[in-house]
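Inspection log for the structure reproduced underneath, given as structure tokens.
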There are 2 protein chains.
Amino acid sequence: MPLYEAKAELFRLLGHPVRIRVLELLQERPMPVRDLLAAIGVEPTGLSQHLAVLRRSGMVTAQRDGSTVVYSLAGGDVAELLRAARQLLTQLLTGQHELLSELLQAETKTR
Amino acid sequence: MPLYEAKAELFRLLGHPVRIRVLELLQERPMPVRDLLAAIGVEPTGLSQHLAVLRRSGMVTAQRDGSTVVYSLAGGDVAELLRAARQLLTQLLTGQHELLSELLQAETKTR
DNA sequence: TCAGCAATTGCGAACATTCGCAATTGAAGT
DNA sequence: ACTTCAATTGCGAATGTTCGCAATTGCTGA
């Protein structure tokens, strides 16, 4: 399997708000499903499905503790990826902002 | 719009092999569509659509030069994000590999 | 044993993405 | 003006994703 396909697959797995929130929350500390549920505010069934996706990808691990299930980030440096994403986002946004400014300025010049 | 939604959106946009390849290729140098087409090996119409996605997101920019259109990476540090993705991927894969080894070892022990 | 809570799974309907064909735009050569 | 090549856009069919309901599993406490 080519590397670029694996990358695309990874990004696709990250491409959902709930899954992003889960990863961000687990970055602080391991958490039982109950807490994730309360923090995110989504149907249990939906959360379970998103957790299953993350589990299958190996990004998080689950372990039962009594009747609750506690999720943790597995090994990899997810934080670094999220950080890079935030950085790129701000760069893209300021880029668009600059472009907009230029357009507005050109607009006023022609008047 | 919450930040985690923007991040998810960004990842979703990156979640396709062709778009990843385009970004990787543009990282080397700006390129006309023709070259991308030859390098990736996909229908022109499909490539155009993926390029449109990247354009709308502000990650790449296009400029006409005669009858050809040349694409370039726009400002943001896409490279950093792709690098982080590759790092995480290798970490995830070695993680799974270790897990597999443990399972196999446990298996042989019980025999 | 059984009632009850936590979390998950199976499944179907709604929704979004992707792909290729046909048609279109823009620029270059004749 | 007309043909040709490069790239894009408009669709529709096929495919994939997401969501909630109903049913299930695993565990705990009566």
Side-chain angles (χ1 to χ4, degrees), chain A residues 1-2 4-23 25-26 29-74, chain B residues 1-2 4-23 25-26 29-74:
Chain A
M1 176 175 181
Y4 60 84
E5 282 219 26
K7 277 187 206 166
E9 173 76 4
L10 174 62
F11 285 129
R12 207 164 46 77
L13 293 181
L14 292 171
H16 193 288
V18 169
R19 297 197 286 266
I20 293 291
R21 287 227 66 195
V22 167
L23 292 176
L25 287 166
L26 292 184
R29 58 181 176 81
M31 263 186 215
V33 174
R34 187 179 335 102
D35 292 9
L36 292 171
L37 218 41
I40 300 181
V42 65
E43 301 286 321
T45 183
L47 182 57
S48 260
Q49 284 166 147
H50 289 297
L51 287 173
V53 170
L54 294 175
R55 245 187 296 123
R56 277 194 294 271
S57 79
M59 276 185 280
V60 307
T61 59
Q63 56 181 340
R64 285 203 93 101
D65 175 22
S67 75
T68 81
V69 176
V70 178
Y71 277 85
S72 324
L73 285 190
Chain B
M1 177 176 184
Y4 60 84
E5 284 220 23
K7 276 187 207 167
E9 172 76 6
L10 175 61
F11 285 129
R12 206 163 48 76
L13 293 181
L14 291 171
H16 191 289
V18 169
R19 296 197 285 267
I20 294 291
R21 288 228 64 196
V22 166
L23 291 176
L25 287 167
L26 292 185
R29 58 179 176 81
M31 262 186 216
V33 174
R34 187 179 337 105
D35 292 10
L36 293 171
L37 217 42
I40 301 182
V42 64
E43 300 286 322
T45 182
L47 182 57
S48 260
Q49 282 164 150
H50 291 297
L51 288 173
V53 169
L54 294 175
R55 246 186 295 125
R56 278 194 293 271
S57 78
M59 275 185 279
V60 307
T61 58
Q63 55 179 344
R64 284 203 94 99
D65 176 21
S67 74
T68 82
V69 176
V70 178
Y71 279 84
S72 324
L73 286 189

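Nothing here was measured: the structure is a model prediction, and the numbers come from that model. Reminder, nothing fancy here: chain letters follow the sequence lines and each chain counts from 1.
If B:R64 and B:H16 are placed on DNA chain C by their nearest nucleotide, the residue sitting closer to the 5' end is B:H16. Comparing A:G66 and B:Y71, the nucleotide of DNA chain D nearest to each residue sits closer to the 5' end for B:Y71. If B:Q49 and B:L37 are placed on DNA chain D by their nearest nucleotide, the residue sitting closer to the 5' end is B:L37. Taking for each of A:A62 and B:R19 the nucleotide of DNA chain C with the nearest heavy atom, the 5'-most of the two is the partner of A:A62.
Scanning both residues, A:L51 and A:Y71, for their nearest heavy atoms gives CD1-CE1, 3.5 Å. Considering all non-hydrogen atoms of both residues, A:L25 and A:A39 come closest at CD1-CB, 3.8 Å. The nearest pair of heavy atoms linking A:P17 to B:A8 is N-CB, 3.3 Å. Heavy-atom minimum distance, B:V42 versus B:L37: O-CD1, 3.5 Å. Shown here for A:V18 and A:I40, the closest heavy-atom pair between the two residues is O-CD1, 4.2 Å. Nearest approach of B:R29 to B:M31, heavy atoms of both residues: NH1-CG, 3.3 Å.
The distance from atom CG of A:D35 to atom P of C:dA6 is 12 Å, rounded to the nearest whole Å. At whole-Å resolution of the value, CG in B:D65 and P in C:dA27 are 12 Å apart. C:dT18 atom C1' lies 17 Å from atom CG of B:L14, rounded to whole Å. When rounded to the nearest whole Å, the span between CG of B:L51 and P of C:dT18 equals 13 Å. When rounded to the nearest whole Å, the span between CD of B:E43 and P of C:dT17 equals 22 Å.
At least one side-chain nitrogen or oxygen of B:R12 sits closer than 4.0 Å to the OP1 or OP2 atom of C:dT17.
A:T68 comes within 4.0 angstrom of sugar-phosphate atoms only, judged by non-hydrogen atoms across all strands, and of no base.
A 4.0 Å heavy-atom criterion places the boundary nucleotides of DNA chain D facing chain A at D:dT17 to D:dT28, written 5' to 3'.
Screening residues 6-23 of chain B for salt bridge (Lys or Arg N to Asp or Glu O under 4.0 Å) gives A:E24-B:K7, B:E9-B:R12 as the qualifying pairs, with residues at least two apart or on separate chains.
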